[in-house]
Amino acid sequence: MKKWLFVILACLLGVSSSGCAVTQVFENKADNQKHAEKVSKKLICYINEKDVDGIEQLFNKFSQKEEKLREDIEDFFDYIDGEIVDYNINFRGEVGSWVEDGKWLEQEVQTNLENIITDTGTKYYIVFREYMIYKKDETKEGLCLLTLRDENNHVLFSIFYD
């Protein structure tokens with residue numbers, strides 16, 4: 001009986017000491033989701049306006065140094081038939097992270113824009129990834145991947161600099 005009491009107390013101690021970390025993870029996810037929604041709305045607006053500068057500013061500083069980025073964004077527009085009139089945001093959350101001594105060193109999140117419909121009736125999916133935190137090289141914080149997929153989820157065009 002004493003053995004079980006000890007095990008239960010040890011478990012309770014472990015759970016209570018990790019409570020702050022769990023709370024931090026949930027708060028971080030909520031903040032990241034709000035951020036993803038803002039970026040999604042900007043991205044759709046920039047695509048509809050064919051705004052190369054706007055999309056370029058969403059990419060991280062590391063990617064912005066690439067000479068081909070502007071050309072890639074222009075090519076990206078060529079694959080979209082019409083203006084986007086409807087879409088759903090599916091925040092996928094973390095696809096990669098690294099925590100050491102309770103501090104985030106790296107955190108990459110992914111957002112899927114699904115069921116995109118243009119005014120011509122064409123359907124697409126857009127996937128984008130961002131580093132929210134990248135302590136080794138803060139120029140990599142921001143958008144690092146932008147992929148356009150057709151209605152069958154086949155890649156039509158992708159921009160990725162790492």
Side-chain angles (χ1 to χ4, degrees), residues 21 24-162:
Q24 182 183 7
V25 167
F26 284 125
E27 287 174 0
N28 196 15
K29 183 175 181 174
D31 290 343
N32 288 345
Q33 186 165 359
K34 287 178 189 174
H35 172 80
E37 289 170 4
K38 287 180 188 176
V39 171
S40 297
K41 290 175 184 175
K42 286 181 183 181
L43 182 60
I44 294 297
C45 182
Y46 295 152
I47 289 170
N48 282 340
E49 295 173 356
K50 301 210 182 300
D51 184 347
V52 174
D53 293 331
I55 292 180
E56 182 180 39
Q57 292 305 309
L58 294 177
F59 273 89
N60 59 34
K61 301 293 183 205
F62 179 85
S63 298
Q64 289 176 18
K65 292 178 185 175
E66 291 291 329
E67 291 179 24
K68 280 191 62 187
L69 179 60
R70 292 184 65 80
E71 183 181 324
D72 285 343
I73 295 168
E74 290 170 0
D75 291 344
F76 182 86
F77 294 144
D78 292 340
Y79 285 88
I80 300 175
D81 181 28
E83 185 173 309
I84 296 170
V85 294
D86 197 20
Y87 64 96
N88 297 324
I89 300 171
N90 181 358
F91 178 65
R92 304 296 295 166
E94 287 182 41
V95 292
S97 66
W98 183 1
V99 178
E100 192 173 287
D101 296 328
K103 294 181 183 177
W104 293 97
L105 297 180
E106 187 177 305
Q107 184 181 53
E108 184 181 12
V109 297
Q110 177 175 313
T111 304
N112 296 352
L113 301 180
E114 300 174 343
N115 305 314
I116 296 171
I117 301 173
T118 67
D119 57 0
T120 64
T122 311
K123 298 177 182 177
Y124 300 101
Y125 294 91
I126 292 176
V127 175
F128 66 90
R129 287 187 179 183
E130 300 178 86
Y131 281 106
M132 304 304 291
I133 300 168
Y134 201 102
K135 292 295 183 185
K136 286 183 191 175
D137 183 356
E138 292 183 0
T139 67
K140 291 188 176 184
E141 291 178 0
L143 202 75
C144 61
L145 170 75
L146 179 62
T147 300
L148 179 68
R149 296 172 175 265
D150 67 15
E151 66 182 310
N152 297 315
N153 216 14
H154 296 116
V155 174
L156 297 173
F157 195 80
S158 190
I159 303 171
F160 176 66
Y161 295 107
D162 188 30

Give a yes-or-no answer on whether the side chains of [X] and [Y] include a donor-acceptor pair shorter than 3.5 Å.
X     : Y      : answer
Asn32 : Gln107 : yes
Glu66 : Ser63  : no
Gln33 : Asp31  : no

Of all the heavy-atom pairs spanning [X] and [Y], show the shortest one and how long it is.
X      : Y      : value
Ile159 : Phe59  : CG2-CZ, 3.7 Å
Ala36  : Phe128 : O-CZ, 4.0 Å
Thr120 : Gly82  : CG2-CA, 3.9 Å
Trp104 : Ile133 : CB-CD1, 3.4 Å
Asp81  : Tyr124 : N-OH, 2.8 Å

Nearest 0.5 Å, what's the [atom1]-[atom2] distance between [X] and [Y]?
X      : Y      : atom1 : atom2 : value
Glu138 : Lys61  : CD    : NZ    : 12.5 Å
Lys42  : Cys45  : NZ    : SG    : 10.0 Å
Glu83  : Asn48  : CD    : CG    : 4.0 Å
Lys135 : Trp98  : NZ    : CH2   : 13.0 Å
Ile47  : Tyr79  : CD1   : OH    : 15.0 Å
Asn88  : Asn115 : CG    : CG    : 5.0 Å

Please report, to 0.1 Å, the donor-acceptor pairs under 3.5 Å made by any side chain of residues 69-77, with sequence neighbours excluded.
| from | atom 1 | to | atom 2 | distance (Å) |
| --- | --- | --- | --- | --- |
| Arg70 | NH1 | Asp53 | OD1 | 2.6 |
| Arg70 | NH1 | Glu56 | OE1 | 2.8 |
| Arg70 | NH2 | Asp53 | OD1 | 3.1 |
| Asp72 | OD2 | Tyr161 | OH | 2.5 |

Go through Ile84 and Ile117 one step at a time and tell me if the side chain to side chain contact (heavy atoms under 4.5 Å, CB included) criterion holds.
CA-CA 6 Å; Ile84 296 170; Ile117 301 173; over 6 Å; no

Using atom types as modelled and distance alone, determine if a side-chain donor or acceptor of [X] lies under 3.5 Å from a backbone N or O of [Y].
X      : Y      : value
Glu141 : Tyr134 : yes
Asp150 : Asn152 : yes
Asp137 : Thr139 : yes

Show your reasoning for whether side chain to side chain contact (heavy atoms under 4.5 Å, CB included) applies to Thr147 and Val155.
CA-CA 7 Å; Thr147 300; Val155 174; 4.0 Å; yes

Could you go through Ser97 and Glu94, starting from their C-alpha distance and side-chain angles, then the distance that decides it, and tell me whether this counts as side-chain hydrogen bond (donor to acceptor under 3.5 Å, both in side chains)?
CA-CA 7 Å; Ser97 66; Glu94 287 182 41; 2.8 Å; yes

Under a 4.5 Å cut-off applied to non-hydrogen side-chain atoms, are [X] and [Y] in contact?
X      : Y      : value
Val39  : Thr111 : no
Leu143 : Arg129 : no
Leu146 : Ile55  : yes
Ile44  : Leu113 : yes
Met132 : His35  : yes
Leu148 : Ser158 : no
Ile116 : Ile126 : yes
Val127 : Tyr125 : no

Determine whether Gln57 and Gln64 satisfy the following criterion, side chain to side chain contact (heavy atoms under 4.5 Å, CB included), listing intermediate values before the conclusion.
CA-CA 8 Å; Gln57 292 305 309; Gln64 289 176 18; 4.2 Å; yes

Does Lys140 count as lying over the ring of Phe62, i.e. NZ or CZ under 6.0 Å from the six-ring centre, within 45 degrees of the axis?
yes

Would Asn90 and Glu114 count as a side-chain hydrogen bond (donor to acceptor under 3.5 Å, both in side chains) if you check the C-alpha gap in whole Å, the side-chain angles of each, and the deciding distance to 0.1 Å?
CA-CA 7 Å; Asn90 181 358; Glu114 300 174 343; 3.0 Å; yes

